[in-house]
Amino acid sequence: MKINRTVDRTIAMLEIISNHPNGLTLNEISDAMQIPISSAFDILHTLIDNDMIQKLHPKSKIYVLGVKSFMIGSKYVSVRDIM
């Protein structure tokens, strides 16, 4: 089975950011993923445009999970028996 690299990187970015509740900068995300900043930038801003990631504060350069990530996680919990 062929894995789409961009989708794989997108999932990795969400996982990395989710493990840092205080958020990460673009450089920290790029370093953690071991990918060029330009690649991380494109994925990050697509996720921001889709409310999956947001800035910690409006003028901040720190990124955290966005409201849509919460909504998707909450929907999973509401339709699955996780206990």
Val64: hydrophobic cluster co-members (side-chain, 4.5 Å) = Leu56, Ile62
Taking [X] for the side chain and [Y] for the main chain, is one N or O donor matched with an acceptor at less than 3.5 Å?
{"X": "Asn50", "Y": "Met52", "result": "no"}
{"X": "Ser74", "Y": "Phe70", "result": "yes"}
{"X": "Ser18", "Y": "Glu15", "result": "yes"}

For a quick test of your reading: what N or O donor-acceptor pairs under 3.5 Å do the side chains of residues 27-46 make, sequence neighbours left out?
from	atom 1	to	atom 2	distance (Å)
Glu28	OE1	Thr25	N	2.8
Glu28	OE1	Thr25	OG1	3.4
Ser30	OG	Ile35	O	2.5
Ser30	OG	Ile37	N	3.4
Thr46	OG1	Asp42	O	2.9

Once you round to the nearest 0.5 Å, how far does [atom1] of [X] lie from [atom2] of [Y]?
{"X": "Leu47", "Y": "Tyr63", "atom1": "CG", "atom2": "OH", "result": "11.5 Å"}
{"X": "Asp51", "Y": "Leu65", "atom1": "CG", "atom2": "CG", "result": "12.5 Å"}
{"X": "Gln54", "Y": "Ser60", "atom1": "CD", "atom2": "OG", "result": "10.5 Å"}

Above 12 or not: heavy atoms from other molecules or residues under 6.0 Å from NZ of Lys61?
-> no
Between Ile53 and Ser69, does a side chain to side chain contact (heavy atoms under 4.5 Å, CB included) hold up when you go through it step by step?
-> CA-CA 7 Å; Ile53 292 177; Ser69 294; 5.6 Å; no
